[in-house]
Number of protein chains: 2
Amino acid sequence: MSDPNDMPGHLARRFQQIAVAVFLAEVGDAGFDLTPVQYAALATIKANPGLDQVTLAGLIAYDRTTITGVIDRLVQKGLAERRASSRDRRARALEITDEGKRTLRRITPAVESAQRVMLRGLSAKEGEELMRLLRKAIAAGNELSRAPLREMQA
Amino acid sequence: MSDPNDMPGHLARRFQQIAVAVFLAEVGDAGFDLTPVQYAALATIKANPGLDQVTLAGLIAYDRTTITGVIDRLVQKGLAERRASSRDRRARALEITDEGKRTLRRITPAVESAQRVMLRGLSAKEGEELMRLLRKAIAAGNELSRAPLREMQA
DNA sequence: TACTGATAGTCAGCATACTGAGCAATATCA
DNA sequence: TGATATTGCTCAGTATGCTGACTATCAGTA
């Protein structure tokens, strides 16, 4: 009964572990070197050009101290840029580079394939249900982590 | 449609993030300083006294290079011991200390409370279904990570 | 305008996870 | 038995994630 392997927390860890491995394998096979975290950050920068780091972190529920390193690596790979914000001298305005856009476009099939592979043990219906339950549990626990999801300010 | 926040991989990451935060909060409130990973390792050592590191890693699906540091910290806290194996001079036989047993016993309510909190957005039925689907997806993907779950050799 | 509080970003330190390499010991088999 | 392969463990290096602290800047208010 007190088998850690049967606790929700351990299942969460294990599923995430597999999800990351599948993502890296699919993306690696396609010839790219991008982590799940870097992918989400880059895609969100593309969708919201010029946003600052704190806003980006809120949109994908990363800690603000984690996002610094993630952006460092995107910049170092030439996929994103950190510019000075025109409105706030504390903030950095994030932009995706042309190469970042190109990478994002070409990496998409591998990313989508990874999502299918990590759910391959489930029927389509079960996959949908798993995602629904995860979304529901996550919404209820959003404020319990230091890095909650935040909506974009209009 | 290509919103990272709606992909299974991102939901996995987010649920795990909340699960860890809840675990640390509940266990911390109870006055203990133990991570989810350390807890699972300690509980498994208690259930299988004398096991070696590779076997322990397999029983809870940790990477063999990760388990080294985890055990280091359990030993440093006085909760576990690394002894020489009598059967194989390469291997270390892991034992739980009396203080480790005491800690495990007293920490259990907090650990169980954490499992409830991380599912608090779901009905009991939904929580069961989420766990069933996670178990199923994990079973199908077990071999896809570097650290798959391994059965105990009899 | 001067003070106060909040905010954006960074940094140091710690704990998972992984890749890949290496060492020592064991197992296997020609 | 002797060569080879495998296994248990560790280490260096990299990438998340977190805690807590700090600086620079901004916003609100007396």
Side-chain angles (χ1 to χ4, degrees), chain A residues 9-10 12-14 16-25 28 33-41 51-58 60-74 76-77 82-94 144-148 150 153, chain B residues 9-10 12-14 16-25 28 33-41 51-58 60-74 76-77 82-94 144-148 150 153:
Chain A
H10 202 270
R13 175 191 157 278
R14 185 80 184 102
Q16 148 79 354
Q17 180 184 42
I18 291 168
V20 171
V22 167
F23 185 101
L24 292 177
D33 172 35
L34 212 63
T35 67
V37 161
Q38 288 164 17
Y39 169 79
L51 86 174
D52 64 284
Q53 295 187 189
V54 167
T55 303
L56 169 58
I60 46 184
Y62 290 9
D63 193 274
R64 71 184 190 288
T65 64
T66 301
I67 208 82
T68 299
V70 174
I71 297 173
D72 281 349
R73 287 178 279 279
L74 288 177
Q76 207 259 318
K77 289 176 183 174
R82 246 196 281 242
R83 298 185 188 154
S85 166
S86 51
R87 291 190 308 271
D88 188 335
R89 274 189 298 165
R90 290 170 303 181
R92 315 303 189 88
L94 303 174
L144 300 179
S145 80
R146 173 167 132 158
R150 296 291 181 214
Q153 299 305 323
Chain B
H10 201 271
R13 175 191 158 277
R14 186 81 185 100
Q16 148 79 353
Q17 180 183 42
I18 290 168
V20 171
V22 167
F23 185 101
L24 292 176
D33 172 33
L34 210 63
T35 67
V37 161
Q38 289 164 17
Y39 168 79
L51 85 175
D52 62 285
Q53 294 187 191
V54 166
T55 303
L56 170 59
I60 47 184
Y62 290 9
D63 193 274
R64 73 184 187 285
T65 64
T66 301
I67 207 84
T68 299
V70 173
I71 297 172
D72 282 350
R73 287 177 280 279
L74 288 177
Q76 205 261 318
K77 288 175 183 174
R82 245 197 282 242
R83 298 186 188 154
S85 166
S86 51
R87 289 190 309 271
D88 187 332
R89 275 190 296 168
R90 292 170 301 182
R92 316 304 189 89
L94 303 173
L144 299 179
S145 80
R146 175 165 132 158
R150 295 292 180 216
Q153 299 306 323

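Since the structure is predicted, the reported quantities are computational estimates derived from the model, not experimental observations. We name chains A, B, ... by the order of the sequence lines, and we start the count at 1 in each one.
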Open item on the list: Parallel, tilted or perpendicular, judged at 30° and 60°: which one describes the rings of A:Phe23 and A:Tyr39?
Closed with: tilted

Please give, in whole Å, the distance from [N] [atom2] to [X] [atom1]?
X: A:Leu144; N: D:dC18; atom1: CG; atom2: C1'; result: 15 Å
X: A:Arg87; N: C:dA8; atom1: CZ; atom2: C1'; result: 13 Å
X: B:Phe23; N: D:dG17; atom1: CZ; atom2: P; result: 19 Å
X: A:Arg92; N: D:dT25; atom1: CZ; atom2: P; result: 11 Å
X: B:His10; N: D:dT16; atom1: NE2; atom2: P; result: 12 Å
X: A:Asp72; N: D:dG17; atom1: CG; atom2: P; result: 15 Å
X: A:Ile67; N: D:dA15; atom1: CD1; atom2: C1'; result: 13 Å

**Item:** Stepwise side chain to side chain contact (heavy atoms under 4.5 Å, CB included) test for B:Ile71 and B:Leu56
**Value:** CA-CA 10 Å; B:Ile71 297 172; B:Leu56 170 59; 4.1 Å; yes

Produce the list of close N/O pairs, under 3.5 Å, pairing protein atoms with atoms of nucleotides 5-7 of chain D; give distances to one decimal.
from, atom 1, to, atom 2, distance (Å)
D:dT7, O2, B:Arg90, NH1, 2.3

Would you mind classifying the nucleic acid contact of A:Arg82 as base, sugar-phosphate or nothing, using non-hydrogen atoms under 4.0 angstrom?
-> sugar-phosphate

B/S/- along nucleotides 13-19 of chain C (protein heavy atoms under 4.0 Å) is --SBBBB

(Q) If you count every heavy atom of other residues, nucleotides or ligands that lies below 6.0 Å from B:Asp88 atom CG, does the total exceed 12? (A) yes

Point to revise | More than 12 heavy atoms of other groups within 6.0 Å of A:Asp33 CG | key: no

inquiry  = Whether the A:Gln16 and A:Arg13 side chains hold a donor-acceptor pair (N or O, under 3.5 Å, no angle test) is what I'd like checked.
reply    = no

- Task: Answer with yes or no whether the side chains of A:Arg73 and A:Gln76 bring together a donor and an acceptor at under 3.5 Å.
- Result: no

inquiry  = Looking at A:Gln17 and B:Ala61, would you say the former's side chain and the latter's main chain have a donor-acceptor pair under 3.5 Å?
reply    = yes

Report task. Give a yes/no answer on whether the side chain of B:Arg89 brings an N or O atom under 4.0 Å of OP1 or OP2 in D:dC9. Result -> no

Taken to the nearest 0.5 Å, the spacing of B:Arg150 CZ from B:Thr55 OG1 works out to 11.5 Å

Determine whether A:Leu94 and A:Leu74 satisfy the following criterion, side chain to side chain contact (heavy atoms under 4.5 Å, CB included), listing intermediate values before the conclusion.
CA-CA 11 Å; A:Leu94 303 174; A:Leu74 288 177; over 6 Å; no

